[in-house]
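One structure is given below, encoded as structure tokens.
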Amino acid sequence: MSLSFDSARLPNPDLTEEHHAWRDQLRRFIDREIMPNVDEWDEQGFLPDELWGKAAEFGLLGVGYPEQYGGTEVGIDLHHVNIVSEEISRTSLGGLPSTLLSHGIGLPPVLAFGSEELKSELVPPILAGEKRISLAITEPSGGSDVANMQTTAVRDGDHYIVNGSKTFISGGMGADWATTGVRTGGKGGAGISVLVIPMDLEGVSRTPLDKKQGWWCSDTATLYFDNVRVPVGNLLAEEGHGFLVIANNFNNERLAMSVMMEANARVCLEDAVNWARDRKTFGKRLADHQVIRHKIVEMKQRITTCQTYIQYCTRQMAAGTAEFGDIAMLKIQCSQTVEFCAREAMQILGGIGYMRGNRVERIYREVRVNAIGGGSEEIMRDLASRAFGL
Ligand SMILES: Cc1cc2nc3c(=O)[nH]c(=O)nc-3n(C[C@H](O)[C@H](O)[C@H](O)COP(=O)(O)OP(=O)(O)OC[C@H]3O[C@@H](n4cnc5c(N)ncnc54)[C@H](O)[C@@H]3O)c2cc1C
């Protein structure tokens, strides 16, 4: 049996013919529209605007979103969404999903807690690829301690006046709206609310964060709010319920990240195995050296652990019984696995693995963000420990 991206995927008894057909269609789209451009987009530091329209037309942006706003919800479940995360990560371009699919974290709070008017205004153009939305929680003063955020929103008639700033915001330079955590009340989590802030309002400015270790094609930004007047209708849920709004989508985001990390680890495995089969040293193939075979097996072993855990967590999520702690531990498991696999794959590739323009180099360069963004490793462990009453 060969060991490749596809063959190293554990059989998943929950997948149907429809899921497999969706994967095939999606792969064809990605192979046609994305794969040939990966190196160029990475080096140029941005994604072409027309990609949003193409992705919308194919149906990628609307997967799992309500039909009434232009999405495809009927017959779609979490496995379809996982397949998106998996297939898009086969490209190895980590900045692609964090930008093209930034609505995956910016939009669910609007759908779950926004007014009908707000949803009707925002969701259709976003799913059509005409407008974009980001999630803005992290501040220059810190991201882990969400309850301590400093950006303020003070009620003034029919508006909130927002002052403060947000940083490391994925897709922030191109966003038309930012789903933004603000402080409307006193200290702590109970003083937090979430406002959808249009980026064209007076007093909004932004600067790019383009000197990143990885995710070069992602337009990460710092956003500044200087007496920005935001209509009260843009408040999500009730004032002071922002923590709930923010936390509501955490498990989806972390599951998606986990699936992407597992897929990235599998890319490393595939490229390492192919190289080990072809490359000869000391008169035999790399794969004929026991040390190299052991590296490959350890990669596979760790990847398989992630896959079983992903299947378990997906089932729990689909049933609505997922624990925050489980998803948090899954995220750690997957980030450690992809770090390990990126290192071992680059080791097997040798010098060529260190050169730009191959998937392993890119994944290695980008791998650290997984243990930081979407809830850092330390914060994930702390979250998981609560389930044990610690
Ligand atoms: C490329 C990129 C894209 C991002 N995209 C977004 C986005 O779209 N939207 C958004 O809102 N944010 C985004 N982030 C921000 C990300 O969520 C934060 O970086 C993350 O939450 C950590 O916050 P911080 O960087 O301020 O670190 P801090 O909160 O300052 O923490 C620094 C370190 O200390 C550790 N630490 C903190 N508190 C504790 C504790 N109690 N115990 C032990 N260790 C602790 C942390 O784990 C971390 O390792 C992005 C970040 C990056 C790098």
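In listed order, ligands and their atoms are each counted from 1.
In terms of N/O distances under 3.5 Å, ligand 1 is not approached by Thr167. Among the atoms of Phe168, some N or O lies under 3.5 angstrom from an N or O of ligand 1. Inclusion of Gly143 in the set of residues having an N or O under 3.5 Å from an N or O of ligand 1 is warranted.
The pair Glu270-Arg266 does not count as a salt bridge, with every side-chain nitrogen at least 4.0 angstrom from each carboxylate oxygen. Taking the charged nitrogens against the carboxylate oxygens, Lys54 and Glu57 have no contact shorter than 4.0 Å, which rules out a salt bridge. The residues Arg23 and Glu87 are annotated as salt-bridged, a charged nitrogen and a carboxylate oxygen being separated by less than 4.0 angstrom.
Of the protein's heavy atoms, at least one falls inside 4.0 Å of atom 50 (C) of ligand 1. Remark: atom 13 (C) of ligand 1 lies closer than 4.0 Å to at least one protein heavy atom. Atom 17 (O) of ligand 1 lies below 4.0 Å from at least one non-hydrogen atom of the protein.
Residue contact check: Gly142 has heavy atoms under 4.0 Å from atoms 26 (O) of ligand 1.
Of the candidates Ala371, Gly181, Ser376, the one placing a heavy atom closest to atom 47 (O) of ligand 1 is Ser376. Compare Lys166, Lys212, Glu378 by their heavy atoms: the one nearest to atom 43 (C) of ligand 1 is in Glu378.
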